[in-house]
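When a ligand or atom number is given, it counts from 1 through the structure's own listing order. Below, all heavy atoms of this structure are taken into account, side chains as well, without hydrogens, waters or symmetry copies.
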Amino acid sequence: MQSCSVHHCVLFLLTLTLNTDPGSAAVFPIYATLHRPVTLPCEAQCSGRATWSLDSNRDDVFAQCDQTSCTSVKEGYEMSYDQFKKGDLSLTITKPDYSMRKTYTCECDYSDVITVNLRIFTVFSAVQVKTGEDLKLDVSVPEPVEVIYRSRDSADDVQICNVTQRSLQCKSEYTPRTSLSYPELTLRHMERSESGTYIIRNLNFKEDIRVYAVSVSAEYSVYSGVKSCLQRIDTWCRTNKEEQNNCMQQASGRVENITQVQNMVTFLGELEQCCKDKKNELKKYMGI
Ligand SMILES: *[C@@H]1O[C@H](CO)[C@@H](O)[C@H](O)[C@H]1NC(C)=O
Ligand SMILES: *[C@@H]1O[C@H](CO)[C@@H](O)[C@H](O)[C@H]1NC(C)=O
């Protein structure tokens, strides 16, 4: 659609009209690339006034022309007077966004010429994150969407979250790792096994809004895995300077304080578990 000339588009649309139920006014979909100018075609020799308005409310005018000039009634909607004089009433939407996905009607002297439904192409992007980093997904559409995950080795789609009216609802295993700071949804601490496709899909019409090809790289994983363990030692040491000192004294047999020893034993137990978990994660990752 995008590459055809206005003339050919109209021919194509007229052909479609002939195949459409004559009882219902046909609505033609036109797809725009997000934020890239798009032209809604309309051809008629218009001796009076031409308007582009909301199909459902003809008083809601976006742009119009009469015999003397063309006016952009709403910002971002333009008609050309030079084109108008040649019978080309097309409307240019200079920076289409999701709020502009509406059904527009081109009228000449109060009779409909064409009705067009503006849609926006799915936005595809490739994202690289390192293990342990956060994945950020743009959910900036006004309607409810679902977030779908499709892993690399399975064709099955898993619905992980819903975003409705700026509120987030996720599957229980994702809940602690996700947050919504509209329009950005964050999925924290990505794992290597979570590479794959993340889809933001309209919940009602099942139309894909954004598709992210996410690759979680491994470079960072060995370091970040062990780092969390080292950070725990560091934090403990900073907040337990006194116990450390006492611990050294105990080692030399001079102080007996059972509470301190118990704290130390608890900490070493946690550390042991943490290190064991990290060791298993690394072994699993390396396949050893
Ligand atoms: C999202 O909404 C759909 C339909 O309302 C529901 O079936 C599904 O369980 C919801 N998913 C989550 C993760 O809450
Ligand atoms: C033992 O150490 C703890 C923590 O440092 C301290 O609160 C407590 O008073 C000490 N007990 C004795 C008997 O010294």
- Message: So, taking the atom named CD1 in I148 and the one named OG1 in T197, what distance separates them when rounded to the nearest 0.5 Å?
- Response: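 Rounded to the nearest 0.5 Å, the CD1-OG1 separation comes out at 11.5 Å.
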- Which residue holds the protein heavy atom closest to atom 2 (O) of ligand 1, what is that atom called, and what is the gap in Å?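 I find the closest protein heavy atom is N162 ND2, 2.3 Å.
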- Query: For atom 4 (C) of ligand 1, is the nearest protein heavy atom under 4.0 Å away?
  - Reply: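 Under 4.0 Å from atom 4 (C) of ligand 1, zero protein heavy atoms found.
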- Message: Looking at atom 7 (O) of ligand 1, tell me if a protein heavy atom falls under 4.0 Å from it.
- Response: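 When distances to the protein are checked, atom 7 (O) of ligand 1 has no heavy atom within 4.0 Å.
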- Message: The criterion is salt bridge (Lys or Arg N to Asp or Glu O under 4.0 Å); which residues satisfy it with D134, sequence neighbours excluded?
- Response: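 Checked D134 against salt bridge (Lys or Arg N to Asp or Glu O under 4.0 Å); zero matches.
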- Partner residues of V127 under the side-chain contact (heavy atoms from CB on, under 4.5 Å) criterion, sequence neighbours left out: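 V127 satisfies side-chain contact (heavy atoms from CB on, under 4.5 Å) with V129, L135, Y212, V214 only.
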- Message: If you compare all heavy atoms of G48 against all heavy atoms of Q67, which two are closest, and at what distance to 0.1 Å?
- Response: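 Looks like O-NE2, 3.1 Å.
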- Part of Q159 with heavy atoms under 4.0 Å of ligand 1, whether side chain, backbone, both or neither: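 Within the 4.0 Å criterion, Q159 contacts ligand 1 through side-chain atoms alone.
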- Item | K171 N/O under 3.5 Å from ligand 1 N/O |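 No: no nitrogen or oxygen of K171 is under 3.5 Å from one in ligand 1.
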- On the 0 to 90° scale, with breaks at 30° and 60°, tag the Y104-F62 ring pair as parallel, tilted or perpendicular.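 Geometry flag for F62 against Y104: perpendicular rings.
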